[in-house]
Protein chains: 2
Amino acid sequence: MAKYSRKMACTTCCLTQSIFRGLSPEQLEILNENRHEVEFNAGEIMFKQGTALTHIACILQGMVKIYIEGLNKKNLLIKVARENAIIGGPGMYVDFIHHFSVAALTDVQTCFIDVNSLEKIMKMNQNLALNILKKNNIQGIQNFKKFINLTQKHMSGRIADALLYLADEIHNATSFETPLSRQDIADLTSMSKESAIRILKEFKDARIIELSNNHFTIHDREALVKISDKG
Amino acid sequence: MAKYSRKMACTTCCLTQSIFRGLSPEQLEILNENRHEVEFNAGEIMFKQGTALTHIACILQGMVKIYIEGLNKKNLLIKVARENAIIGGPGMYVDFIHHFSVAALTDVQTCFIDVNSLEKIMKMNQNLALNILKKNNIQGIQNFKKFINLTQKHMSGRIADALLYLADEIHNATSFETPLSRQDIADLTSMSKESAIRILKEFKDARIIELSNNHFTIHDREALVKISDKG
DNA sequence: ATAAAATATTGATATTAATCAACATATACT
DNA sequence: AGTATATGTTGATTAATATCAATATTTTAT
């Protein structure tokens, strides 16, 4: 955990384009008065599964991983999030418990908004509820895709999916440095670390990707798409 | 598909206790004017994945299965729903496409409500949006549980989960007749039909359950819970 | 009631992926 | 810089599960 600061105002924050679009200046001011910025160091836990969901977090800078702590200390990495992501979770309006953990992959700057204020604004402006509904549904669709990926594809298909996910949705580049460890990649694809490493090596040997340590370069995108599709 | 009828009114429908609680009589009347009842025969498809999401469906009578059509004709059964369930889906407010298919397991009576009317009422009464938000989040929590069940448990743990799910959440009885085929049970647990049958037989041989055709009786609930927990 | 079709069951075999163990490389700590 | 610790890599082995093939049972249609 770390220092408290107030560097910006909601009115000038680009997240205003996100679920907070459509809020009036007054509503944004309420938001502004009920938020606080927090910095986390790489590796620190932001939200711990099982604890009370009292705040949602906006990522202002840096990358985090969102993961379910499953059985026998095994994690399932649900997604990676970075700047402009807003992290709530399905505990909202249900039991107000975090149903996943969130950990900083890099140093991150965040903005915490308490759920009571959020609820207050939600009651003032129905756009907020609808925007959150939409955001949740987008996540729901992605979860369906993940269900199929994880339960119906073999390891190479799952690794191909993970590489395309990182390239297309996280880094927007075919060449990138990932803060994910090999274990994280294994947790993202629901396989053992050793198996993940082996598949990555296969892809490397087949010249589909290049990798040294944590730097990945996708050489043959089509091959990955094909491997992903065939399962 | 089947006949059109109007048997009841929203004001007297027990679903008014569900996401529609808190609606005014006027709002219920709008709902009532924009709904129609439809009967489906066992086996018929109510919603087909990929088609336009124009209506949500309420189940008035009977049982349905909700499943994702995945790769190579393999389905993943997400849940079973029966009386008083309301089926929307994550396409709502996103792309207005069905992201799963829904098929009748028995003859079913349903009530279809078009999404425009739903949206109209949502804008009149924020309770509706919040109720839907909550319902979606409950489903989200269940999906997280399913992720862990399907990706981190062995076959016997998954079958134990399925049996407990059917007994506790669908039939509310330790002895029940299921309309699910063996293939459906396999789709629910993400394994081959043959494997599902084998595990069921193991449970039967161990006197944990009794089964003849589609009639299941759970004899040793504790054993199932233990098998489910250990993964 | 009987034939045909669909669904269920069982055993043998092949495939996939996890685990275990050894070792290598990188990172953090005085 | 040098040791300790964590992370990554590789190969051998074991365990889990799918597939294939044969047969049985149930359901549906005539």
Side-chain angles (χ1 to χ4, degrees), chain A residues 41-44 65 70-77 103 105-107 149-162 177-205 209-216 227 230-231, chain B residues 41-44 65 70-77 103 105-107 149-160 162 177-205 209 211-216 227 230-231:
Chain A
N41 298 317
E44 288 179 337
K65 61 177 177 182
L71 306 166
N72 306 123
K73 304 270 175 195
K74 262 187 235 163
N75 297 329
L76 180 68
L77 213 159
L105 288 169
T106 64
D107 292 353
N149 286 350
L150 295 184
T151 63
Q152 301 189 345
K153 289 184 183 179
H154 286 160
M155 294 195 300
S156 44
R158 307 208 298 271
I159 290 285
D161 281 329
E177 185 85 14
T178 183
L180 295 175
S181 68
R182 295 296 191 267
Q183 184 63 60
D184 287 331
I185 292 173
D187 291 345
L188 179 60
T189 49
S190 191
M191 67 182 74
S192 72
K193 183 187 42 171
E194 293 94 329
S195 292
I197 288 168
R198 260 183 272 268
I199 304 290
L200 286 172
K201 187 173 151 64
E202 273 179 37
F203 286 2
K204 184 188 183 177
D205 291 346
I209 63 168
E210 196 175 295
L211 82 163
S212 65
N213 297 331
N214 284 353
H215 193 91
F216 288 74
I227 292 167
K230 84 147 178 46
Chain B
N41 298 317
E44 289 179 338
K65 61 177 177 181
L71 306 165
N72 307 123
K73 304 268 175 197
K74 261 188 234 161
N75 297 329
L76 180 68
L77 213 158
L105 287 169
T106 64
D107 291 354
N149 285 350
L150 295 184
T151 63
Q152 302 190 345
K153 290 184 183 178
H154 286 161
M155 294 195 299
S156 44
R158 306 208 298 271
I159 290 286
E177 185 85 14
T178 183
L180 294 175
S181 67
R182 295 296 190 268
Q183 183 64 59
D184 287 331
I185 292 173
D187 292 346
L188 179 61
T189 49
S190 191
M191 67 183 74
S192 72
K193 183 187 40 169
E194 292 93 330
S195 291
I197 288 168
R198 260 183 272 267
I199 305 290
L200 285 172
K201 188 173 150 64
E202 274 179 37
F203 286 2
K204 185 188 184 178
D205 291 347
I209 63 169
L211 82 163
S212 66
N213 297 332
N214 284 353
H215 193 91
F216 288 74
I227 292 167
K230 83 147 178 45

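Only a predicted model underlies this, so the values are computations on that prediction, with no experimental measurement involved. Numbers restart at 1 for each chain; the letters A, B, ... are given by sequence-line order, proteins then strands.
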Subject >> Under-4.0 Å side-chain N/O to phosphate OP1/OP2 contact, B:Ser192 with D:dT17 >> reply: no
Subject >> N/O (side chain, B:Ser195) to phosphate O (OP1/OP2, D:dT17) under 4.0 Å >> reply: no
Under a 3.5 Å distance rule, please check whether [X] uses its side chain to pair with a backbone N or O of [Y] as donor and acceptor.
X	Y	result
B:Gln183	B:Lys193	no
A:Asp205	A:Glu202	no
A:Arg158	A:Lys153	yes
B:Glu44	B:Asn41	yes
A:Asn75	A:Asp187	no
B:Thr189	B:Ile185	yes

Return the value, rounded to whole Å, for the distance between atom [atom1] of [X] and atom [atom2] of [N].
X	N	atom1	atom2	result
B:His154	D:dA18	NE2	P	11 Å
A:Lys74	C:dA18	NZ	C1'	8 Å
B:Ile199	D:dA16	CD1	P	10 Å
A:Asp187	D:dT7	CG	P	12 Å
B:Met155	C:dA18	CE	C1'	15 Å
A:Ile185	D:dT7	CD1	P	14 Å
A:Asn41	C:dA28	CG	C1'	15 Å
B:Asp205	C:dT10	CG	C1'	12 Å

Pick out the pairs of N or O atoms, protein on one side and nucleotides 5-8 of chain C on the other, that lie under 3.5 Å.
{"from": "C:dA8", "atom 1": "OP1", "to": "B:Arg182", "atom 2": "N", "distance (Å)": "3.2"}
{"from": "C:dA8", "atom 1": "OP2", "to": "B:Arg182", "atom 2": "N", "distance (Å)": "3.3"}

If I compare all heavy atoms of [X] with all of [Y], which pair ends up nearest, and what's the gap?
X	Y	answer
A:Met155	A:Met191	O-CE, 3.6 Å
A:Asp107	A:Ala42	OD1-N, 2.9 Å
A:Ala162	A:Leu188	CB-CD2, 3.8 Å

Original post:
So how far off straight is the helix from C:dA1-D:dT30 to C:dT30-D:dA1, going by the axes through five pairs at either end, to 10°?
Top reply: 50°
Original post:
If you round to the nearest 0.5 Å, how far is OG of A:Ser156 from CZ of A:Arg198?
Top reply: 13.5 Å
**OP:** First locate atom OG of B:Ser195, then atom CZ of B:Arg182, and finally report the distance between them rounded to the nearest 0.5 Å.
**Re:** 14.0 Å
Expected rows: protein N/O vs nucleotides 11-14 of chain D N/O, under 3.5 Å:
{"from": "D:dG11", "atom 1": "N7", "to": "A:Arg198", "atom 2": "NH1", "distance (Å)": "2.9"}

